[in-house]
Structure formats: C-alpha cells, structure tokens
Amino acid sequence: MLGLKKKFFTQVIQVLRDEISQKATKASLQLLVHVCPFGRNRVKATEAGVTRVLVDLLLDSSEKMACELMLILLDQICQSAEGRAELLNHPGGLAIVSKKILRVSKVASERAIKILHSISKFSATPSVVQDMLNLVWWQSFV
C-alpha cells in the first residue's frame with residue numbers, strides 16, 4: 001500500500017468523478033479511505049484531484065454513508081499541507097464542510113470539525129479566519 005502510483009489514484013478518482021453508481025462511488029471512497037493513511041498516498045491523491053472531486057460530491061450529496069466517507073477522506077487529505085491548500089482553493093470547500101456539521105451524523109460532524117481544526121491550526125491566514133467567521137455568521141441565519 002505504500003508504493004501506489006499516482007495513476008492508481010487518478011483512475012479511482014475518475015470513478016468518483018463519473019458518478020457511475022452509488023455502489024461504485026462508495027466502493028471508491030472506501031478504497032481511498034483505506035489507502036490514504038499510508039506513506040505519501042495522501043499527497044498522490046491530492047495531486048490526482050481528490051479534494052475538488054470530494055467537495056463537488058459533498059455539494060450534491062445528502063446520503064449519510066457517502067457523506068461520512070467523503071468527510072473521513074477529506075480529514076485524511078487535510079492532514080497534509082497540499083490537501084489543506086486544495087480545500088482552501090475550492091470556492092465551496094470550507095462552506096460545504098461546515099454545512100455538514102450537525103446535519104448528517106455524529107461521525108460526519110466529528111470529521112468536519114477535525115477538518116476545520118486542521119485548517120485553523122496549520123493553514124490559518126487572515127483571509128481564512130475571515131472566511132470561517134463569515135461562515136459561522138451566515139450559518140447562524142440558515
């Protein structure tokens with residue numbers, strides 16, 4: 001599992017991007033959740049575009065297990081600087097993660113909070129902090 005090639009991640013992420021079926025999506029997410037903790041796999045997955053795909057899927061997903069898997073994977077990805085940068089580069093990244101808190105499940109909420117914690121701890125810039133404050137303010141009205 002340590003020596004997986006970037007092409008492996010590109011192919012699995014393409015299955016997610018194509019949204020062939022819910023079963024294929026869940027299987028791909030589970031596979032990525034199992035391999036991303038090892039070695040440089042998080043970075044390879046990020047380079048293959050997993051963060052953008054996950055955020056885009058989260059924007060459209062309301063299915064509990066799929067959302068949980070996406071947030072678990074995003075949490076793993078955000079443990080690397082590259083993953084946090086990609087999440088912050090997506091215009092809906094912070095917003096969709098914070099929106100899933102208290103709306104999907106306890107597992108999803110815990111992972112979303114861990115993602116925001118990673119961003120706050122390691123990638124906090126004045127503009128990121130301002131975005132987070134704006135999200136808190138906006139979500140208090142929604």
Side-chain angles (χ1 to χ4, degrees), residues 1-125 127-139 141-142:
M1 293 223 206
L2 294 174
L4 295 173
K5 306 278 185 222
K6 185 178 172 185
K7 184 171 179 144
F8 167 82
F9 293 98
T10 304
Q11 295 298 317
V12 175
I13 292 164
Q14 188 61 47
V15 172
L16 291 174
R17 191 176 282 123
D18 291 344
E19 296 185 66
I20 298 166
S21 69
Q22 280 190 349
K23 194 172 187 176
T25 297
K26 285 181 190 174
S28 298
L29 289 168
Q30 288 172 335
L31 179 61
L32 289 170
V33 164
H34 284 89
V35 299
C36 279
F38 300 105
R40 293 191 35 85
N41 290 345
R42 280 186 284 252
V43 174
K44 291 175 189 175
T46 301
E47 290 171 351
V50 73
T51 308
R52 179 161 292 280
V53 172
L54 289 173
V55 171
D56 291 343
L57 288 172
L58 272 171
L59 287 166
D60 295 329
S61 182
S62 59
E63 203 273 317
K64 178 183 169 186
M65 184 176 176
C67 284
E68 289 175 349
L69 288 168
M70 288 178 225
L71 288 166
I72 290 168
L73 185 54
L74 263 179
D75 176 32
Q76 291 175 345
I77 295 299
C78 285
Q79 291 175 22
S80 72
E82 296 87 353
R84 290 188 299 274
E86 286 300 311
L87 181 67
L88 291 171
N89 284 335
H90 192 293
L94 285 177
I96 194 59
V97 169
S98 64
K99 185 175 182 179
K100 295 299 180 180
I101 297 172
L102 299 176
R103 295 189 179 171
V104 178
S105 68
K106 182 179 179 185
V107 170
S109 294
E110 289 171 354
R111 289 305 177 130
I113 290 168
K114 284 182 74 177
I115 292 165
L116 295 177
H117 178 261
S118 291
I119 298 292
S120 302
K121 186 173 182 178
F122 300 111
S123 301
T125 63
S127 64
V128 169
V129 172
Q130 187 60 48
D131 287 346
M132 291 177 128
L133 287 171
N134 290 341
L135 286 169
V136 169
W137 179 82
W138 177 251
Q139 290 203 7
F141 293 105
V142 178

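For reference, positions follow the sequence shown, starting with 1.
Here the straight-line distance linking atom OG1 of Thr46 with atom CZ of Arg84 works out to 10.0 Å at 0.5 Å rounding. We find the CE-CG distance between Met70 and Leu57 to be 5.0 Å, quoted to the nearest 0.5 Å. Separating the CZ atom in Arg52 from the CG atom in Leu54 is a distance of 11.5 Å, to the nearest 0.5 Å. Here the OG-CE distance, from Ser105 to Met65, works out to 11.0 Å after rounding to the nearest 0.5 Å. Taking OG of Ser28 as the reference point, atom CZ of Arg17 lies at 12.0 Å (rounded to 0.5 Å).
Of all non-hydrogen atoms in Asn41 and Val35, the two that sit nearest each other are ND2-O, 2.8 Å. Heavy-atom minimum distance, Leu87 versus Thr51: N-CG2, 3.5 Å. For Leu73 against Cys36, the heavy-atom pair with the smallest separation is CD1-SG, 3.7 Å. Minimum interatomic distance between Ala45 and Ile13 (heavy atoms only, all atoms of both residues): O-CD1, 3.6 Å. When all heavy atoms of Lys100 and Cys67 are compared, the pair lying nearest together is NZ-SG, 3.9 Å. The heavy-atom pair separating Ile115 from Cys78 by the smallest distance is CG2-SG, 3.9 Å.
Side-chain atoms of Gln76 come within 3.5 Å of backbone N or O of Val33 as a donor-acceptor pair. Formation of a donor-acceptor pair under 3.5 Å by the His117 side chain with backbone atoms of Ile113 is not found in this model.
Legend: salt bridge (Lys or Arg N to Asp or Glu O under 4.0 Å) pairs involving residues 21-37, not counting sequence neighbours, sorted by first then second residue: Lys26-Glu63. For the side chain to side chain donor-acceptor pair (under 3.5 Å) condition, no pair includes a residue of residues 1-11, sequence neighbours left out.
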- Task: Evaluate the side-chain contact (heavy atoms from CB on, under 4.5 Å) criterion for residues Leu59 and His90: first the C-alpha distance (whole Å), next the side-chain angles of each, then the deciding distance (0.1 Å), finally the verdict.
- Result: CA-CA 12 Å; Leu59 287 166; His90 192 293; 4.3 Å; yes
- Task: Under the side-chain contact (heavy atoms from CB on, under 4.5 Å) rule, what do Leu32 and Leu16 come out as? Steps first, then yes or no, please.
- Result: CA-CA 11 Å; Leu32 289 170; Leu16 291 174; 3.8 Å; yes
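Here the options are Asp75, Leu71, Leu74, Val97, the test is side chain to side chain contact (heavy atoms under 4.5 Å, CB included), and the partner is Lys114; only Asp75 passes. With Arg111 as the fixed residue, the side chain to side chain contact (heavy atoms under 4.5 Å, CB included) test singles out one of Leu116, Ile101, Ile72, Leu69: Ile72.
The neighbour count for Leu102 CG, taken as heavy atoms of other residues, nucleotides or ligands under 6.0 Å away, does not exceed 12.
A heavy-atom distance below 4.5 Å is not found between the side chains of Phe9 and Val50.
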